[in-house]
There are 2 protein chains.
Amino acid sequence: MKIDPNSPADLSAQIATAIRDAIISGELIVDARLPSEAELSEQFAVSRPTVREALKRLAAQSLIRTQRGASGGAFVNRLSFQEAYGQQITTSTLLLSMNDVSFDVACEARFAMERACASLSAQRRTADHLATMRAEIHRQTQPGLSDQSFCDSDVAFHRALVDGAGNPVLSYQLAGAVEAMQPLMNMITFSERSRERIVALHTGIADALEQRNAPKVESLLSELETYTLDIAHGIAAKRRPTAG
Amino acid sequence: MKIDPNSPADLSAQIATAIRDAIISGELIVDARLPSEAELSEQFAVSRPTVREALKRLAAQSLIRTQRGASGGAFVNRLSFQEAYGQQITTSTLLLSMNDVSFDVACEARFAMERACASLSAQRRTADHLATMRAEIHRQTQPGLSDQSFCDSDVAFHRALVDGAGNPVLSYQLAGAVEAMQPLMNMITFSERSRERIVALHTGIADALEQRNAPKVESLLSELETYTLDIAHGIAAKRRPTAG
DNA sequence: CTGCATTATTTTGTCAGACATTTAGGGGTG
DNA sequence: CACCCCTAAATGTCTGACAAAATAATGCAG
């Protein structure tokens, strides 16, 4: 692990890259302890603050964790699916909000991926997954439920569908797509009637999953996609009534 | 934007979170300049090194960029799809390597998502996408091609398929799934015969896309998934010949 | 007044040293 | 054996300073 003091890049960035490469290549394994900050600063011939900046970069990516006290230090972190979800969601959310991705494009991607889970979920969903979905559907029928809560419940419902596929990698990938759309979905005001329609579709999806009818799930998801887009377009049209 | 000096969390972590929230909420827009490190350290009542650690955390996530000199400083970064790909791939790679995700599970997720792109790609693929795929197929038939190069070409082929769907969000999601599997795929040694079979399937997929035959693409992708798993299992069995 | 070289200023990047805080471990005492 | 205290090691934070880069301001020559 060497760095180039004459490189235009920051020393802390170079050090972070060197350590990151060591982790990715397997040179540093999970739970391995890195040298102390003092030792690292000696190895790389830089000051301790510079080493610390490098370590903070790695900590921001959940690549290491630090612990104070004797026998403390920086340890290679086992990247959990949980942490990966979080980063995935943050990244996806920013990507959508900063790059003028239209609601239509995000919606299309999300439902395309969700349909990809349909057949697996129809095969493997457990009673637990079905129970979660039924519970969320029930919650969605409560009168007086705020739009925010309705959206949260919607996410939980679809999350259960995806988790039903029993593939953590798929769940991880979908988490970003589904949750990143939350801010966009929250902009949609759900009328009494549209909630009824969505709940009906959710019920149909749960029924089809119970019967392990994959094609039915897929077609209902497509209907839901179309309907979601319709609502969004209706609201967009209302906001710009003079557009033509 | 306030922080709690009595919180158990590091001050730099709190400051990073506060600024990140401001960016996500839109309080700080793209290309906006953050206060200088000296001003931030005054605002948060901490020292400059602490502020710097916070800024490095954000830089590690590509949320900000910094520039030296007068009228320099830290600016909110427009997260490009390119940068997001990179983070997605790093995260996915570590997730797979650290969590004992089996080849089967990763493979299943990858092909499920790729099939999700099939119908869109059949509708929208351009002549360019087809040309890229044909070129990669041709490369894959070259004798003496290394396994590494064959895998690279394989990634490029599937990348073209996914890009054909014309949905950048889908491309972004798939990039992680496909590229993160590279290290696993590289462990598979491709025999002469298996390469022929894979090339034949690739050719079939390109043909089906040319004819805009979505179901055919999906079924060929399923065949490719099955075949990939067969090869992997065969190699695993060879490595553990006494297992039973 | 214009154009260019020079100087100033602002800001990040880096360093050195110090103190505070937390935690594990060792050793003494009941 | 259990409990307490002390020590040592490590991260967390602060202060102050200088280096390097890039822009802005200045002054001079034409």
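Bear in mind that the values here come from a model prediction, so they are computed numbers and not experimental data. No hydrogens, no waters, no symmetry mates; every other heavy atom, side chains included, goes into these values. Throughout, protein chains are lettered first and strands after them, A, B, ... in sequence-line order, and every chain is numbered starting at 1.
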Mind jotting down which residue pairs meet the salt bridge (charged side-chain N to carboxylate O under 4.0 Å, His left out) criterion with at least one end in residues 71-97 of chain A? Sequence neighbours excluded, please.
none
Among residues at least two apart in sequence or on other chains, which ones pass salt bridge (Lys or Arg N to Asp or Glu O under 4.0 Å) with B:Arg110?
B:Glu114
A:Asp147 meets the salt bridge (Lys or Arg N to Asp or Glu O under 4.0 Å) criterion, sequence neighbours left out, with A:Arg195
A:Phe75 has an atom CZ; how far is it from atom P of C:dA24, in whole Å?
10 Å
For B:Ser153, the side-chain hydrogen bond (donor to acceptor under 3.5 Å, both in side chains) test, sequence neighbours excluded, returns B:Glu136, B:Gln140
Sorted by chain and residue number, the salt bridge (Lys or Arg N to Asp or Glu O under 4.0 Å) partners of B:Arg115 (sequence neighbours excluded) come out as B:Glu225
Salt bridge B:Asp163-B:Arg124, side-chain N to carboxylate O under 4.0 Å
no
Set of side-chain hydrogen bond (donor to acceptor under 3.5 Å, both in side chains) partners for B:Glu39, sequence neighbours left out:
B:Ser36
Salt bridge (Lys or Arg N to Asp or Glu O under 4.0 Å) with A:Asp100: which residues, sequence neighbours excluded?
none
Using a 4.0 Å cut-off to any heavy atom of chain B, which nucleotides of DNA chain D are the first and last in contact, reading 5' to 3'?
D:dG12 to D:dT23
Let me have a per-nucleotide readout for nucleotides 8-16 of chain C, 5' to 3', with B, S or -, counting only protein heavy atoms under 4.0 Å.
--BBBBBB-
Near DNA chain C, which residues from residues 15-22 of chain B have a heavy atom under 4.0 Å away?
none
With sequence neighbours left out, which residue pairs that include part of residues 39-95 of chain B fulfil the ring pair (Phe, Tyr, Trp, His ring centres under 6.0 Å) condition?
none
Ring pair (Phe, Tyr, Trp, His ring centres under 6.0 Å) contacts touching residues 156-185 of chain A (sequence neighbours left out):
A:Phe157-A:His202, A:His158-A:His202
